[in-house]
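It should be emphasised that the depicted structure is a prediction, and the values quoted were computed from it without experimental measurement. Atoms within a ligand are numbered from 1 in the order they appear, just like the ligands themselves.
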Amino acid sequence: MKTLIRQGTIVTAQEEFVGDILVEDEKITAIGQNLSAEADQVVDATGLYVLPGGVDQHVHFSFTYKTARVRGFETSNAAVVGGTTTVIEFVNQEPGKGIAESIKHYEQQEVLGTAMADYSFHGIVFEATDAVFEEIPSLPEAGIPTLKLFMAYKGFPYHCDDEAIFRALKASKGTGVTIMVHAENADVIDVLQKECLSRGQTEPYYHAVSRPPFVEVEATQRAINLAILAEAPLYVVHVSAKEAMEAIRDANTKGYPIYGETCPHYLTLDTENLAKPDFEGAKYVCSPALRSEEHREALWQAVNKGWLNAVSSDHCGFDWKEQKHLGFGDFTSIPNGAPGLENRLGVLWTQGVETGKITRSKLVDLFATTPARVNGIDHCKGHIGLGYDADLVLYNPNHHSKISWQTSLQGVDFNTYEGMEQIGRPEKVFLRGKLVVDEGKYIGEKGQGKFISGKPFGLSYQGV
Ligand code: DUC
Ligand code: ZN
Ligand code: ZN
């Protein structure tokens with residue numbers, strides 16, 4: 001099967017130019033001007049931008065918060081319709097099982113036959129035992145070069161102390177495995193939460209009061225220090241505070257392999273959303289908490305300069321009526337997380353490109369190219385080039401819409417960006433050469449997604 005995509009404006013992380021792309025079966029086989037190949041179908045992309053399919057390196061299709069569990073891979077078509085063709089899911093370590101075994105089990109039970117986007121995995125440490133640290137060097141053999149530990153969430157099964165973080169970092173040294181951390185000081189949050197509740201401050205807004213920026217800054221700086229001590233690379237997920245970003249930037253500038261990402265909600269939404277009446281504020285309960293204008297401006301500068309190298313959704317499909325309400329009367333029981341998998345490209349385009357905050361090439365870099373590299377899947381994903389998977393988004397910049405949960409495929413009863421004007425949309429999306437979105441509508445099949453094995457040493461720190 002040959003598809004010729006003609007006269008689109010092709011955007012990569014380095015450049016943009018008008019040209020044609022030839023797709024043969026699943027791969028890009030030619031890029032150029034006026035390609036004359038015989039094709040089974042010709043797609044006219046005049047007036048459209050052709051972007052590489054997005055790589056969302058921070059997705060939760062299996063996260064649990066107390067008794068609540070998010071929507072799973074049955075909603076992964078939301079990624080595709082939003083221009084993300086590869087998702088990287090954080091998989092819980094199961095009781096008594098290793099990391100790779102837990103991931104295999106999860107894939108067999110919940111992903112195979114269901115996934116509508118291509119996928120890769122990160123492990124999450126639940127049981128910080130010798131066995132887990134000993135397993136770290138062999139994770140790349142299973143195609144899993146990343147492992148996350150939660151510094152936050154005291155009393156939760158996934159909370160890890162400094163000993164666990166340090167041992168994981170030490171075990172990762174020189175193996176090509178990147179340790180990722182959710183950096184917030186769990187003990188300080190616990191004290192502040194208890195103080196709020198003892199004062200009768202139970203509403204969603206106190207989620208942000210009990211998680212001020214410096215609980216993140218402190219843990220980020222601590223994680224950086226531990227990584228330097230362990231001589232290992234570190235990736236800090238969902239950076240939201242200016243000073244946390246600066247700590248990462250400064251360590252990286254000194255030559256340490258310390259990196260971080262942020263998320264569309266931290267770039268665009270304000271803490272004051274948590275004060276919305278009638279428990280609407282619960283929709284904005286995610287961790288770290290939403291911040292103020294000063295932090296948002298610093299984050300835009302950071303993504304522009306490369307101080308943070310990716311923008312990921314941290315997608316968490318908790319429902320408002322059923323699940324967020326578990327925390328009605330006690331904000332500490334509101335499941336933490338914001339849905340946003342479907343909106344990452346639209347929000348970045350509208351709030352970043354259209355406002356002049358980032359270029360289209362920078363968007364591609366943050367949305368697809370660098371996350372592919374971080375996770376060792378850049379041999380086939382994240383770029384429009386010869387031999388790459390034909391994951392292509394034909395973005396129509398002239399379409400205007402309003403973001404709404406009612407038209408979303410995320411499977412929950414609210415949208416984090418509800419009512420936001422969106423400029424442009426993915427008009428057509430190809431997943432490995434197959435048309436899976438047409439006229440902005442998902443037309444793919446259940447189970448079409450396939451596992452993409454991650455290679456070690458995603459970032460440039462061989463030997464560290
Ligand atoms: N924070 C969230 O908001 N959701 C999922 C996990 C996390 O750490
Ligand atoms: Zn997190
Ligand atoms: Zn997360």
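In terms of protein heavy-atom proximity, atom 7 (C) of ligand 1 is closest to Tyr153 OH, 3.2 Å. Atom 4 (N) of ligand 1 has Asn336 O, 3.2 Å as its closest protein atom, hydrogens excluded (heavy atom only). Nearest protein heavy-atom contact of atom 6 (C) of ligand 1 is Phe63 CZ, 3.5 Å.
Contact between Tyr65 and ligand 1 is absent, with no heavy atom of the residue lying under 4.0 Å from the ligand.
Only the side chain of Cys316 comes within contact range of ligand 1, with a heavy atom under 4.0 Å; no backbone atom does.
Across all their heavy atoms, Ala128 and Phe133 have their closest contact at O-CE1, 3.7 Å. Smallest separation of non-hydrogen atoms from Glu342 and Ser408: OE1-OG, 2.9 Å.
Numbered from 1 in the order shown, with element, the atoms of ligand 1 that lie under 4.0 Å from a heavy atom of Cys286 read 3 (O). For ligand 1, the atoms lying closer than 4.0 Å to a non-hydrogen atom of Phe150 are 8 (O). For ligand 1, the atoms sitting less than 4.0 Å from at least one non-hydrogen atom of His238 are 8 (O), numbered in the order shown with element in parentheses.
Ionic pairing of Asp190 and Lys194 is present here: one or more N-O contacts between side-chain nitrogen and carboxylate oxygen are shorter than 4.0 angstrom. Taking a cutoff of 4.0 Å between a charged side-chain nitrogen and a carboxylate oxygen, Lys104 and Glu101 do not qualify as a salt bridge.
For the pair Leu51/Leu345, a side-chain contact is recorded, criterion being any heavy-atom separation below 4.5 Å from C-beta on. Residues Val374 and Thr178 form no side-chain contact, since every pair of their non-hydrogen atoms from C-beta on lies 4.5 Å or further apart.
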Derivation and outcome, side chain to side chain donor-acceptor pair (under 3.5 Å), residues Asn309 and Tyr235: CA-CA 10 Å; Asn309 65 17; Tyr235 200 93; 2.6 Å; yes
Q.
Set out, in order, the CA-CA distance, both residues' side-chain angles and the distance that settles ring pair (Phe, Tyr, Trp, His ring centres under 6.0 Å) for Phe63 and Tyr158, then state yes or no.
A. CA-CA 10 Å; Phe63 184 67; Tyr158 34 82; 5.4 Å; yes
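For atom 1 (N) of ligand 1, the nearest non-hydrogen atom from the set Ala338, Pro335, Pro288, Ser287 comes from Ser287.
A distance below 6.0 Å separates the ring centres of Phe150 and His182.
For His58 atom NE2 and His60 atom NE2, the angle they make at the Zn ion (ligand 3) is roughly 110°, to 10 degrees.
Between His60 and ligand 1, not a single N/O pair is under 3.5 Å apart.
For the Zn ion (ligand 2), protein N, O or S atoms closer than 2.8 Å were enumerated as His182 ND1, His238 NE2, with waters left out.
With rounding to the nearest 0.5 angstrom, the CD1 atom of Ile189 is 8.0 Å from the NE2 atom of His207.
Residue pairs meeting the side-chain hydrogen bond (donor to acceptor under 3.5 Å, both in side chains) criterion with at least one partner in residues 115-127, sequence neighbours excluded, are Glu107-Tyr119, Asp118-Lys381, Asp118-Arg432, His122-Thr146.
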